[in-house]
Each structure stands twice: as structure tokens, then as C-alpha cells.
Novice: 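After the C-alpha cells below, expect a handful of questions from me.
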Protein chains: 2
Amino acid sequence: VPTENDSKRRHIVRSFDEELKLLIQRLAEMGGMAEQNVGDSIKALMSRDVELAKEVRSRDDKIDAMEEEIDQFAIRMLATRQPMAVDLRSISMSLKISNDIERIGDYASSIAKRAIRLAEQPSIKPLVTIPRMAQACQGMVKDVLDAMVERNTDRAMNVWQRDELVDQYYDGIFRELLTYILEDPRQTSLCVDLMFVAKNLERIGDHATNIAERVHYVIHGEQINRQR
Amino acid sequence: VPTENDSKRRHIVRSFDEELKLLIQRLAEMGGMAEQNVGDSIKALMSRDVELAKEVRSRDDKIDAMEEEIDQFAIRMLATRQPMAVDLRSISMSLKISNDIERIGDYASSIAKRAIRLAEQPSIKPLVTIPRMAQACQGMVKDVLDAMVERNTDRAMNVWQRDELVDQYYDGIFRELLTYILEDPRQTSLCVDLMFVAKNLERIGDHATNIAERVHYVIHGEQINRQR
């Protein structure tokens with residue numbers, strides 16, 4: 001027969017789980033906004049859509065505000081709930097994941113800034129590799145957020161492994177742009193901007209990889225062996 | 001007359017303060033290593049010192065390992081000490097600051113990587129602005145760590161304001177390098193490398209600024225108003 005104490009304990013337990021679920025959900029929402037900004041910043045770049053680029057930049061303020069809100073939520077849970085083990089790791093890591101997401105948003109915002117500038121310049125040869133690289137990065141961000149919500153270690157590891165492909169894209173795009181400059185130095189400024197765009201995407205991949213490592217740590221209580 | 005309970009409580013309090021001091025000290029050591037790597041990576045770049053650049057890269061592994069160690073320390077303190085108010089904020093923020101320092105180390109390591117590659121290429125006009133910018137960034141990292149250890153809000157705010165100077169350095173160096181490419185396209189690859197070095201330094205300044213914001217939050221329990 002359950003005592004009143006058991007019933008109370010169950011109530012507290014359920015309510016803690018709900019709060020933790022809400023925290024991770026907010027983190028996933030924040031991540032979803034960053035992911036959308038990654039996609040939209042590249043879309044704005046390729047289609048010379050200044051309005052969309054400006055929208056990305058204004059949405060980035062919202063992402064920054066969410067980091068603060070999520071951190072305060074996490075810190076309040078640490079203070080009031082005294083979580084242990086996997087719950088403690090989950091809340092602690094959410095402080096770090098919010099930072100990774102904020103950086104991803106920041107890189108998308110940088111791309112949008114360059115998209116605004118580049119919209120006024122003559123276009124160069126179609127750069128099919130940049131949207132492909134962006135798609136790979138966006139996919140990593142999406143999947144690592146799902147891995148976080150589902151606490152799915154295989155999915156996190158899969159994202160972690162895909163970072164190598166992003167690095168290969170980066171090297172290829174970089175070399176391609178270098179060739180363009182040598183062929184026509186008047187395109188230097190434009191090509192350098194696109195090099196930085198590729199670098200921003202590469203960093204976005206890095207941060208998705210960081211999140212994958214943190215998800216692994218939440219689940220297993222130890223770090224991924226970093227040697228790939 | 002103090003009871004045995006009072007005495008126990010005092011003992012626990014003292015020992016908590018010691019642990020917190022140790023946590024912040026480890027964070028400051030980690031930051032000191034990153035700061036040194038920033039300085040040494042630029043020194044290696046300017047003096048074409050491949051050995052020093054390699055040293056920076058191997059020290060970066062140590063910095064990465066320290067992030068894990070510090071995070072585990074912080075999470076253990078959260079679990080066992082149930083800290084409140086400024087102590088809770090201090091421990092929570094150390095999880096985020098360790099990440100900022102890890103990124104600073106990462107950027108220094110990127111600079112060292114380029115220094116190794118550039119050591120084999122012919123040098124270009126003396127770039128006095130890059131070491132100056134590096135010095136400004138290194139100073140920001142040093143001072144923000146001191147502000148963290150001392151919980152000194154004025155010092156943190158001072159670092160926060162200096163980021164604008166770093167951004168100005170960046171814009172100046174970028175324009176200078178662009179001119180070099182236009183004058184002599186054979187220097188493209190070299191100049192692009194240096195542009196990325198300047199970008200890495202600018203990001204290091206950003207992370208020092210982030211740490212300043214976190215120190216402010218630890219002390220005051222609220223964010224700096226981000227409008228400069």
C-alpha cells in the first residue's frame with residue numbers, strides 16, 4: 001500500500017521530469033531557430049535575398065535572449081532540485097549546449113551579413129558546393145538536436161562522424177575560391193567573403209560535433225574518445 | 001556557546017570555499033595556458049618558429065583535457081554541495097567559461113597551424129598590426145581572468161569595452177591584406193592565411209568579452225546590457 005510519503009515522492013519526481021523535459025524542449029526550440037537561420041542565411045546568400053538575410057539577423061537576437069533564459073532555468077533547477085547522475089549531467093550540459101547553439105546562430109548571422117553585402121556585387125560562377133556544405137551542416141544540427149531530445153547515443157555518434165565530410169567540403173571550396181582569385185583578382189573581395197562563409201559553415205559543423213560529445217557525456221557519464 | 005552542529009556547519013562552509021577557490025584557480029590556470037598560446041602562436045608566426053608553433057598545438061591537447069576535468073569538478077560540486085546564489089552562479093558559469101577558454105585555445109592552435117605553413121613561404125611587408133592586435137587580445141584574456149579570480153566587475157567591464165578596439169584592428173588588417181592581393185595576386189594564399197589569423201584573433205577577443213559578461217553575471221545575477 002503506498003503511503004502518503006510515496007505519493008508525495010512520486011509527485012515530486014514527476015514534476016522534476018516535466019521540468020527537465022521543458023528545459024530540453026526549450027533548448028531544442030533554440031536549436032531549431034539556429035538551424036533555420038543556417039539554412040536561411042545560405043538561401044539569402046544564393047538568391048541575393050537581402051530581406052531574408054535581415055530577418056536572419058533579427059532572429060539572432062531572439063536566439064541570444066533564449067540562451068540567457070535557458071541558463072537561468074537550468075541554474076534555478078540546479079538550486080531547487082538537487083539533481084543527481086544523468087539528470088545533473090543533462091542540466092549541466094544544457095548550459096554548455098546553449099552556448100554551442102548561440103555560436104551556431106552567430107555564425108549564421110555572420111553569413112547573413114555577408115549575404116547582404118554580396119547581394120550588391122556581380123555574381124561569380126555558380127558555387128554549388130556551398131549550398132551542399134550548408135545542407136550537410138544544417139542536417140548535423142538538426143540530427144544532434146534530435147539525439148539530444150531522444151538521448152540517442154547512436155544518432156549523436158553519427159553526427160560526430162559526419163564532421164569529417166564537412167571538413168572535406170571546406171577544403172574543396174577553399175581551393176576552388178583560391179583558383180578564382182588567381183584567375184581574376186578583381187573577384188578577390190567576393191571570393192574572400194565566400195571563404196569566410198565556408199569557414200563559418202565549418203565552425204557550425206564543429207559546434208554540432210561539440211553538442212554530440214555533450215549528449216554522449218550526458219548518457220554515458222564519460223567523454224567520447226576524441227581520436228577518430 | 002557554539003554547539004557541535006555549528007562547528008560542523010562552519011567546517012563545511014570553509015571547505016566549500018576552499019573547493020570553489022580551487023575550481024576558479026584551475027579555470028585561471030587553464031585560461032593562463034590559453035593566453036600563453038595566443039601570444040606564442042603569434043610569436044611563432046612572426047619569427048617563423050615552427051618548433052614553437054608545434055609546441056602551441058601540443059599544449060592545446062592539455063587545454064582540452066582541462067576543460068573536461070574542470071567540468072567534472074564543477075558538476076561534482078553541484079551534486080555534493082548544493083550551492084546557492086553567487087556560489088551557484090559561479091560554479092554554473094565555470095562550465096561556460098571553460099568552453100570559452102577551450103575555444104580561445106582552439107583559435108590559438110589554428111594560428112599555430114597557419115604559422116607552420118607560412119614559415120615555408122616568402123614573407124610579405126612587415127605586418128606590425130597583427131602582433132599589436134594579438135597583444136590587445138592577449139591582454140583582454142589576461143585581464144578577464146584576473147577579473148574572474150577577483151570577482152572584479154570594473155575590470156570585467158573594462159575588458160568588455162576593449163573589444164571594440166580589436167574589431168577596429170581587424171577591419172584595418174583586413175583592408176590592408178586585400179590591397180596586397182590586388183597589388184600582387186601571387187600573394188593571395190599568404191594574405192588569405194593572414195586574414196584568417198586576424199579573424200581568429202577577433203574571435204579570441206569575442207570570447208574574452210563573453211567571459212567578461214559571465215563574470216558580470218556571477219557578481220550581479222543579471223546580464224550586462226548588451227547595447228554598447
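Here is how names work: the chains are called A, B, and so on, in the same order as the sequence lines, proteins then strands, and each is numbered from 1. Only heavy atoms go into these numbers, but all of them, side chains included; no hydrogens, no water, no symmetry mates. Computed from a prediction, not measured in an experiment: that's the story for all the values here.
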Novice: Under 3.5 Å, is there a donor-acceptor pair linking the side chains of A:Asn99 and B:Arg103?
Specialist: no

Novice: Using 30° and 60° as the class limits, which term best fits the ring planes of B:Tyr170 and A:Phe196: parallel, tilted or perpendicular?
Specialist: perpendicular

Novice: Chain A heavy atoms under 4.5 Å from B:Met195: which part of the residue, side chain, backbone, both or neither?
Specialist: both

Novice: Would you mind checking which part of B:Leu182 comes under 4.5 Å of any heavy atom in chain A, side chain (CB onward), backbone (N, CA, C, O), both or neither?
Specialist: side chain

Novice: In terms of heavy-atom pairs under 4.5 Å, which option from A:Lys199, A:Arg89, A:Arg203 contacts chain B the most?
Specialist: A:Arg203

Novice: Side chains of A:Tyr217 and B:Asp71: closer than 4.5 Å at any heavy-atom pair?
Specialist: no

Novice: Out of B:Ile91, B:Asp100, B:Ile75, which one racks up the most heavy-atom pairs below 4.5 Å with chain A?
Specialist: B:Ile75

Novice: Side-chain contact test, heavy atoms from C-beta onward, threshold under 4.5 Å: evaluate it for B:Ser92 versus A:Leu78 and give yes or no.
Specialist: yes

Novice: Is A:Glu102 salt-bridged to B:Lys96, going by a charged N under 4.0 Å from an acidic O?
Specialist: no

Novice: Determine the option with the most heavy-atom pairs under 4.5 angstrom with chain B, choosing from A:His207, A:Arg186, A:Met84, A:Met93.
Specialist: A:His207

Novice: So if I apply the side-chain contact (heavy atoms from CB on, under 4.5 Å) rule between B:Thr188 and each of A:Leu178, A:Leu177, A:Thr179, which one comes out positive?
Specialist: A:Leu178

Novice: Considering only heavy atoms, which portion of B:Arg76 lies under 4.5 Å from any heavy atom of chain A: side chain, backbone, both, or neither?
Specialist: neither

Novice: To the nearest 0.5 angstrom, please state how far the CD atom of B:Glu222 sits from the CD atom of A:Gln72.
Specialist: 9.5 Å

Novice: Check whether B:Ser110 gets within reach of chain A through its side chain, its backbone, both or neither, counting any heavy atom under 4.5 Å.
Specialist: side chain

